[in-house]
Number of protein chains: 2
Amino acid sequence: MAQETHSDTLTAAALTLKDIARQAGVSLATVDRVLHNRPGVRPDTVRRVREAIERNSFQPHVAAAELARGRARRFAFVMPSGPNPFMQQIQAYLGEMSAWLAARRLNVEMIATDVFDPSVLAASLEALSGDYDGVAVVALDHPGVRAAINDLVDAGTKVVTLVSDVPSSRRHHYVGIDNIAAGRTAGALVGRLVGGRAGKVAIVAGSQGLRDHAERIFGFNQVMASEFPDLSVLPVLEGRDEDERSEQLLARLFGRHADIVGLYNVGAGTQGVANALSKAARETVVFVGHDVTALTRRLLLQGVMDAAISQNPGHEARAAVRVLLALARGEPILREQEKIRIDIVMRDNLP
Amino acid sequence: MAQETHSDTLTAAALTLKDIARQAGVSLATVDRVLHNRPGVRPDTVRRVREAIERNSFQPHVAAAELARGRARRFAFVMPSGPNPFMQQIQAYLGEMSAWLAARRLNVEMIATDVFDPSVLAASLEALSGDYDGVAVVALDHPGVRAAINDLVDAGTKVVTLVSDVPSSRRHHYVGIDNIAAGRTAGALVGRLVGGRAGKVAIVAGSQGLRDHAERIFGFNQVMASEFPDLSVLPVLEGRDEDERSEQLLARLFGRHADIVGLYNVGAGTQGVANALSKAARETVVFVGHDVTALTRRLLLQGVMDAAISQNPGHEARAAVRVLLALARGEPILREQEKIRIDIVMRDNLP
DNA sequence: GGTGTTTTGAGGTACGCAACTCATTTTGAG
DNA sequence: CTCAAAATGAGTTGCGTACCTCAAAACACC
């Protein structure tokens with residue numbers, strides 16, 4: 001009979017701390033001291049215990065550790081106040097996880113604040129100190145905010161930045177996309193979808209002062225310059241993420257340029273952009289924007305928008321929670337899993 | 001002082017079974033019987049206990065339950081034998097999770113078998129009965145396989161189909177993409193990237209007998225017919241996922257048609273397709289294929305391929321494990337999280 | 001050798017639940 | 001009303017770890 005089947009095991013040796021103690025020739029108490037970096041153990045003994053752990057690739061049983069520590073963990077999500085659909089989605093996805101959170105005795109609190117005012121944000125963060133095991137924050141990159149984040153980290157709180165990073169701080173992790181790559185992707189899409197026509201490309205952003213918007217524009221221009229010489233990029237319109245303003249600026253631009261073939265909307269204000277397009281009867285303009293919301297979904301289906309660059313808010317919400325939990329438990333982070341992908345969404349792969 | 005901040009809690013009431021027992025006016029043992037559907041409880045009492053659980057939206061503490069059950073869980077992944085890069089990736093990603101698995105006392109075994117032979121696959125599945133808490137299988141849709149899956153389910157084993165579904169079986173979950181939507185997405189990409197030129201579009205598939213390939217072709221043709229009337233689709237070439245055969249078939253096709261503007265490679269054999277393109281000097285042909293491998297990555301960077309439809313093997317591997325675990329624990333599945341997205345990968349958003 | 005300090009051992013308790021036993025109460029059939 | 005069966009209560013044990021106390025041993029120093 002032919003051997004049709006081959007089996008291969010990823011087995012976990014079911015060792016316990018007691019086994020490690022025996023192998024290292026010490027007591028359970030000493031292993032415990034080593035494991036939690038508690039003082040009162042000779043360096044040589046520490047080494048012996050560590051070796052025993054290594055040798056058996058021992059992993060503490062997560063469930064037992066979780067049960068033994070008793071108290072529940074508290075996480076805070078510091079997010080922008082005001083009617084931001086993207087943030088509302090993140091909040092909604094956290095709500096969908098409530099059973100999952102409850103089963104793990106995790107308390108997640110949403111804290112809405114004015115994240116665009118550095119001093120207010122910094123104060124909000126400072127106020128959290130000591131009360132939480134982990135904090136996820138949509139942060140502005142500003143010295144005061146950076147200091148507040150570092151203070152939290154020093155106090156032992158795990159900190160992840162969400163959507164918008166503060167790379168200069170000592171935050172433990174960033175959950176969000178690479179905005180330069182997102183801009184490059186948008187550029188490639190606009191360039192390719194224009195299909196060889198020559199002409200001009202418009203950019204509408206919230207503000208070039210926002211780190212993520214600036215990075216997206218940078219990436220977009222990079223691709224335009226290097227790969228699509230037939231397309232010339234017009235100066236960036238700053239629509240402040242407001243519909244009316246975006247519409248007005250764009251209408252004026254359409255009036256001045258008859259040969260606009262592409263449009264990149266970096267931030268919000270999507271409805272205004274769509275209005276301007278339809279009033280100017282520029283249906284053939286390739287329109288690429290960000291995020292899948294009720295509005296962009298409709299525009300994609302109608303053919304008004306050609307593609308949306310999306311960063312899956314559900315994934316971001318869950319990744320933030322998982323990363324905070326892994327950090328709090330001292331578990332390794334599955335980088336591949338927690339990396340936020342840049343999704344290209346067109347009509348036929350709408351989620 | 002202005003109230004700048006608003007807080008909102010997703011709190012887990014930290015109730016225990018003891019609290020539920022007290023509220024329902026029964027003993028712990030009875031609650032336990034209800035919770036695990038054990039016999040010997042009057043319907044009326046069951047109702048009272050259930051109500052107490054509902055009322056408090058009680059969630060058993062996952063860690064405590066896990067610890068109490070004692071024995072580790074065993075999962076089996078039944079995958080194709082042979083050098084399939086996509087499957088090797090899945091296996092590699094499972095390897096990356098080994099610490100995660102070990103910390104949860106999960107044993108995952110890879111079982112390589114000839115999944116394309118229904119009787120062999122069915123026999124492999126039958127052989128697993130009773131030994132595993134969960135099975136993930138790359139399955140062929142065939143009556144024998146369907147019966148084997150149903151037998152496993154009846155024996156209490158949790159079963160998920162991976163990559164390729166058997167919808168007629170009673171498997172608990174399918175982890176993979178919607179292949180019709182994938183084909184539609186490929187069609188939309190080819191159509192859009194061709195950029196208004198008229199001409200013919202070639203399709204290379206492994207075999208139209210494979211469910212996933214057939215579905216992709218179906219979706220592709222759908223979009224072509226309805227949205228791109230200037231493009232006509234040529235008969236499908238069956239390359240059997242082999243490089244040489246795909247290259248030969250394609251070379252002959254190029255010889256007969258000078259006006260091919262697009263090409264959809266449904267399965268593997270990618271190197272052969274690329275060779276045929278380069279030898280025929282058809283650089284302007286829009287080439288869309290599937291999966292991000294070392295090869296397709298290179299072709300995308302070189303500009304030979306224009307886009308790849310990807311189904312993130314890492315996500316599939318992790319989702320399969322998470323789903324099996326949630327099923328085994330009786331936890332709800334986070335559908336949104338476990339849904340495999342159809343990723344459009346172009347040069348600038350290569351992962 | 002004695003003193004004080006550091007290191008280690010031994011042991012206990014608690015976490016919340018699963019799974020079990022055994023005694024007791026309730027129920028229903030005859 | 002009797003008796004068996006069904007339903008329930010009360011209790012125990014153990015899972016593997018965290019965290020704690022207290023005593024004993026080892027060590028350093030004078």
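Each chain gets a letter, A, B and so on, in the order its sequence line appears, and its residues count up from 1.
- For the pair A/Arg69 (side chain) and A/Arg71 (backbone), a donor-acceptor distance under 3.5 Å is present.
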For nucleotides 16-21 of chain D, just jot down a letter per nucleotide in 5' to 3' order: B, S or -, based on protein non-hydrogen atoms under 4.0 Å. BBSB--
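- Listed by first then second residue, pairs satisfying salt bridge (charged side-chain N to carboxylate O under 4.0 Å, His left out) with a partner in residues 143-157 of chain B read B/Asp154-B/Arg170, not counting sequence neighbours.
- At its two ends the helix from C/dG1-D/dC30 to C/dG30-D/dC1 runs along axes set 20° apart, each axis drawn from five pairs and the angle rounded to 10°.
- A donor-acceptor pair is defined here as one N or O able to donate and one able to accept, closer than 3.5 Å; such a pair exists between the side chain of A/Ser124 and the backbone of A/Val120.
- One atom, CD of B/Glu66, and another, C1' of C/dA19, lie 15 Å apart when rounded to the nearest Å.
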For A/Glu316 and A/Tyr93, run side-chain hydrogen bond (donor to acceptor under 3.5 Å, both in side chains): C-alpha distance rounded to whole Å, both residues' side-chain angles, the deciding distance at 0.1 Å, then the answer. CA-CA 9 Å; A/Glu316 294 194 324; A/Tyr93 283 117; over 6 Å; no
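- Residue A/Thr45 has a polar side-chain atom (N or O) positioned under 4.0 Å from OP1 or OP2 of C/dT8.
- A salt bridge does not link B/Glu54 to B/Arg50: none of the charged side-chain nitrogens sits closer than 4.0 Å to a carboxylate oxygen.
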Could you go step by step and tell me if A/Leu94 and A/Met110 meet the side-chain contact (heavy atoms from CB on, under 4.5 Å) rule? CA-CA 10 Å; A/Leu94 284 176; A/Met110 306 289 311; 3.5 Å; yes
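- Between the C1' atom of D/dC15 and the CZ atom of B/Arg73 lies a distance of 13 Å, rounded to the nearest Å.
- Of the side-chain N and O atoms in A/Thr30, none sit less than 4.0 angstrom from OP1 or OP2 of C/dT7.
- Using a cutoff of 4.0 Å between basic side-chain nitrogens and carboxylate oxygens, B/Arg74 and B/Asp131 are not scored as salt-bridged.
- Using modelled atom types and a 3.5 Å distance limit, the side chains of B/Gln337 and A/Arg322 yield a donor-acceptor pair.
- Rounded to an integer number of Å, the gap from CG of B/Asp44 to P of C/dT26 is 15 Å.
- Proximity of A/Arg42 to the phosphate of C/dT6: no side-chain N or O atom is located under 4.0 Å from OP1 or OP2.
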